[in-house]
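The block underneath contains the structure these notes are about, expressed in structure tokens.
Each ligand, and each atom within it, is numbered from 1 in the order the structure gives.
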Amino acid sequence: MDLKNEINKNTLPKHIAVIMDGNGRWAKQQGLLRAFGHENGTKSVKQTVEACAELGVENLTLYAFSTENWNRPKLEVKTLMKLLVSSLKNEVKTLQDNNIKLTAIGNLNTLPKKVYSELFEVIETTKENTRMTLTLALSYGSREEIINTVKEISNKVKNNIISSENIDESIINEHLYTRNLLDVDLLIRTSGEQRISNFLLWQIAYAELYFTSVLWPDFTKQHLYEAIIEYQKRERRFGKTSEQLS
Ligand code: IPE
Ligand code: IPE
Ligand code: MG
């Protein structure tokens, strides 16, 4: 049976974030270069985006490249950047056809010019789309994001735009890269690693965490459905007691 039918449409996670991990190990298992793992990972991106849009998930955020990933061998970084440009070029039509809006979070100024211009072209082309917001985390680091937020807010305090007594969760939310997104409900990490790797630290405060040993290039729609079904079995108490919820 298709697992899709087991999903309750009324309690879908509104925001799913994914740490797409395991491309390198997938390639190694097949005796291939890491680049092939990354290339095959793009198929899983397509599957995940399609599945989320079909279900009616409002926000999907994909961790594609971290601030720490700049420390990888130069050739691998180059491959990943090339792959990004070609994927953006190839997918713009699918995004348009499916009414999906693309956005990006991270220190985008550090991206190579070609990636940056291709990215903003697709963001511009898809900006009026309303079915789902797909966000790519690129050159993204959560600590860097928090540092930027603190800097922006303290500048506003200095210029009397915000008073320090009024700083609250919503002011912080408004200054994060994710300011236009909902809180993360479900965080998925593939490849068996059980860590956050500097991803959305503030935003996952109350997210349900889901770890699977499936390597990213093997991740399909069915794996996403499994994650959502598991999410729907959990009781999200937000600090309350079980009795209070029912
Ligand atoms: C995820 O796969 C892709 C990126 C981090 C860009 P990895 O490249 O980290 O794959 P492993 O973890 O080495 O298997
Ligand atoms: C996290 O994966 C970053 C992305 C998936 C883009 P990594 O493979 O870089 O994380 P670590 O180094 O294993 O924590
Ligand atoms: Mg990895």
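Using a 4.0 Å heavy-atom cutoff, Arg25 is absent from the residues neighbouring ligand 2. Within the 4.0 Å heavy-atom cutoff, Lys28 does not count among the residues contacting ligand 1. Within the 4.0 Å heavy-atom shell around ligand 1 one finds Gly22. Residue contact annotation: Glu68 has no non-hydrogen atom under 4.0 Å from ligand 2. Distances shorter than 4.0 angstrom do not occur between any heavy atom of Glu193 and any atom of ligand 2.
Residue contacts with ligand 1: Gly24 is placed with a nitrogen or oxygen under 3.5 Å of a nitrogen or oxygen of the ligand (distance criterion only). Every N/O-N/O distance between Tyr63 and ligand 2 stays at or above 3.5 Å.
Close contacts of ligand 2 with Arg195, meaning ligand atoms under 4.0 Å from a residue heavy atom, involve 11 (P), 13 (O), 14 (O). Ligand 1 places these atoms under 4.0 Å from at least one heavy atom of Ala64: 6 (C). Of all the atoms in ligand 2, the ones that sit under 4.0 Å from a non-hydrogen atom of Phe65 are 6 (C). Of all atoms in ligand 1, listed by their number and element, those nearer than 4.0 Å to a heavy atom of His38 are 3 (C), 8 (O).
For atom 4 (C) of ligand 1, the nearest protein heavy atom (residue, atom name, distance) is Arg72 NH1, 4.0 Å. The protein heavy atom nearest to atom 1 (C) of ligand 1 is Met20 O, 3.0 Å. Atom 8 (O) of ligand 2 has its closest protein heavy atom at Asp21 OD1, 3.2 Å. Scanning all protein heavy atoms for the shortest distance to atom 10 (O) of ligand 2 gives Arg189 NH2, 3.3 Å.
For the residue pair His223 / Gln47, no side-chain donor-acceptor distance below 3.5 Å is found, with atom types taken as modelled. Between the side chains of Ser191 and Trp216, no donor-acceptor pair is found at a separation under 3.5 Å. Side chains of Ser87 and Thr42: a donor-acceptor N/O pair is absent below 3.5 angstrom, by distance only. Using a 3.5 Å distance cut-off with no hydrogens or angles, the side chains of Asn148 and Lys151 do not pair a donor with an acceptor. Using modelled atom types, one finds no donor on one side chain facing an acceptor on the other under 3.5 Å when comparing Thr67 with Glu144. Side chains of Ser197 and Arg189: a donor-acceptor N/O pair is present below 3.5 angstrom, by distance only. Neither side chain, Asn107 nor Glu145, offers a donor N or O lying under 3.5 Å from an acceptor on the other.
Partner of Thr61 under the side chain to side chain contact (heavy atoms under 4.5 Å, CB included) criterion, chosen from Ile105, Ile16, Val184: Ile105.
Proximity of atom 12 (O) of ligand 2 to the protein is not indicated, since no non-hydrogen protein atom lies closer than 4.0 angstrom.
Ionic pairing of Lys46 and Glu50 is not present here: no N-O contact between side-chain nitrogen and carboxylate oxygen is shorter than 4.0 angstrom. Using a 4.0 Å cut-off between a side-chain N of Lys or Arg and a carboxylate O of Asp or Glu, Glu124 and Lys127 qualify as a salt bridge.
Phe211 CZ to Glu230 CD: the interatomic distance, rounded to the nearest 0.5 Å, is 12.0 Å.
Heavy-atom contacts from other residues, nucleotides or ligands closer than 6.0 Å to CD of Glu169 number 12 or fewer.
With a 4.0 Å cut-off on non-hydrogen atoms, Ala137 does not touch ligand 2 at all. Residue contacts with ligand 2 for Phe199 are absent, since no atom lies close enough (heavy atoms, distance under 4.0 Å). With a 4.0 Å heavy-atom cut-off, ligand 1 is reached by the side chain of Asn69 but not by its N, CA, C or O.
Looking only at its N/O/S atoms, Asp21 has OD1 as the one nearest to the Mg ion (ligand 3).
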